[in-house]
Structure formats: C-alpha cells, structure tokens
Amino acid sequence: MPVEHAAATIIDGKAFAAALVERVSAAAGRLASSTGVTPGLAVVIVGNDPASQVYVRNKGDTTQRAGMRSDTHRLEESVSQAELLALIATLNVDSGIHGILVQLPLPAHIDAAAVIGAIDPDKDVDGFHVVNAGRLAVGLRGLVPCTPLGCVMLLRSELGDLSGLNAVIVGRSNIVGKPMAQLLLGESCTVTVAHSRTLDLPALCRTADILVAAVGRAEMIRGDWIKPGATVVDVGINRVPSRDPARAAEGKMRLVGDVAFAEAAAVAGRITPVPGGVGPMTIACLLANTYTAACRAAGVTPEALDG
Ligand code: GUN
C-alpha cells in the first residue's frame, strides 16, 4: 500500500533573513550609539561577471539599508594581483572598515588563495581565510562562512536542538560543504559528507534527518532519496531554461536548486525553496558577521542575533 505523506512545510528563508537584517540593524545602531563605531563593509569586485555584479549590488544595498557603512571597490578585469593586494593591505588597516569581502570568482591571472590569505582574518567576513577555517575546525571563536551559518540558523529555528540527528551534506566545497559539516558537528549531529565519488548516494541520503544539498547540479536530489519527514536544506542556485517552451526559445531562464523540489516536498517534513530559502540568509549573515567583527574591534561582546 502506498504510504501517504503530508506536504512539507516550506521554510521561509526570505522572511527569516529580513528579520535577521532587522535585528542586525538594531544591534548595529546600539553599537554606534554606545561606542561611536558604525560597522563598515568593503566589497571588492574584479571584472564584469553579470552574476557577481548582481550579488555585489545586493550586498551593498542591504548593508546600507541596515544603517551600516558600505564601500564597493570596482576593479578592472585587467587589474594586477599586486594592485589587488595593495587595496586589501589598505583596507586591513582602515579602522572604519570591519569586514572585507572579495567577490569570487576572480579572473584566472589572479591567485584567489593568495588574495583571501592577505585579508586580516578578523575582517574576513566570508570566513574563507585558513585561520578562520582552522578556528571553526577546533571550536575557537572566529568568523564563519555566511551560507552555512545561515543554514544552521534556519535549522535551529525550525528544529530547535539538533543533537543526535543524522545530517548528510552532499558537497564538499570549502565554502559550504566543509564548514557546514563543522557547524553541524558543533550542534552534536552525526555528520556524513557525501561527494561525487560517494557510493549509493540515494541510500545514504535516505538515512538523513537533515539533508543539505550543496553540489551545484540542478535537481539532482530526487524525492525518493529523502527520508519521510526529513528536513531538506537546498543550497543550490542553478539557472535552467524556462518550463514554457516558447519562453525557453527566447532564452528565458528560471532558478532551481539541487533538489527536485516538488518531489521532495511531497516526502520531506520541511524544505527550503529556491529562490527564497537559503539565498537571502547568505547576505543577512554577511551583515551579521560585519556587525560581529565591528563589536570585536570595539572590544564589546556582540548581541545574540539568532531569532
Ligand atoms: N561568489 C559566490 N558566492 C560568494 C560568497 O559567498 N562570497 C564571495 N566572496 N564570493 C562569492
């Protein structure tokens, strides 16, 4: 007999992110009135990649709306690595700037690892510097990558205590998969990181109480890979042709995640949509990290920001 499942609760990341931005904004206002320090974020973008342009504009706009200082440095595609490193050196010693973000990807002639490594770890609001990766791995206070931080905030607000839950993370990137594993270990989950060489991925996914999809392959994770009632967090943002053939012929695209949403929503207990799930949390957590970095620079303890 077929087993029937109620449709999943859709996790409203957009609303959660908006509330988080409000809390950061209010906390930043209190920091400014008590210490005179207004959190400042410098975003560096190299070249004209259209997706990066959109991300950077959104970051700048949201930072300003939260009442924080936002500087955007736009560099030519042809900029030398030495010039980029010189800009970072200037930002590292600028006391009005508490967060530095270099938008990725960088042009091929620039060594991204060298650029990230040049950022003062205490201003590394992306949490990509090896010092911050190391701090996260050993449980020291640092700055945590924004996307996994946002995922864990959503999970805690939806599920409360995560301890003892089986978490499967599909994807082992330095930006999402690995820090996500560290954060969920910190929440006392039993964590498995799957990747392109994992054997019988569907069976592994079916063991997950929490399934995090961060592979960058459109709709790869199917409904029958999901344990009934599981919580599914879809980090993927993939552009695929519009469903309407006429619009697709005009080149119209739509956004989908790494999870086949309709199938998954019929089985899961909770699921993040794409768009409107994890994506908005990334920018909100960037502001949260900038606020946190500003508090530490000012020698005050940041207020708790998770709702
Ligand atoms: N490019 C795509 N996502 C990100 C991100 O989170 N941070 C940076 N710096 N670049 C990105």
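Numbering of ligands and ligand atoms starts at 1, following listing order.
In this structure, Asn92 and Ala118 approach most closely via the heavy-atom pair ND2-O, 2.9 Å. Looking at every heavy atom in both residues, Asn132 comes nearest to Pro121 through ND2-O, 3.0 Å.
Here the options are Val232, Val278, Thr231, Asp234, the test is side-chain contact (heavy atoms from CB on, under 4.5 Å), and the partner is Ile11; only Thr231 passes.
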Chi angles and distances behind the side-chain contact (heavy atoms from CB on, under 4.5 Å) call for Leu155, Glu158: CA-CA 5 Å; Leu155 284 167; Glu158 289 290 320; 5.9 Å; no
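A salt bridge links Asp122 with Arg135: the closest approach of a Lys/Arg side-chain nitrogen to an acidic carboxylate oxygen falls below 4.0 angstrom. Using a 4.0 Å cut-off between charged nitrogen and carboxylate oxygen, Lys59 and Asp61 do not count as a salt-bridge pair.
The contact shell of ligand 1, taken as protein residues with any non-hydrogen atom closer than 4.0 angstrom, comprises Leu101, Val102, Gln103, Leu104, Asp126, Phe128.
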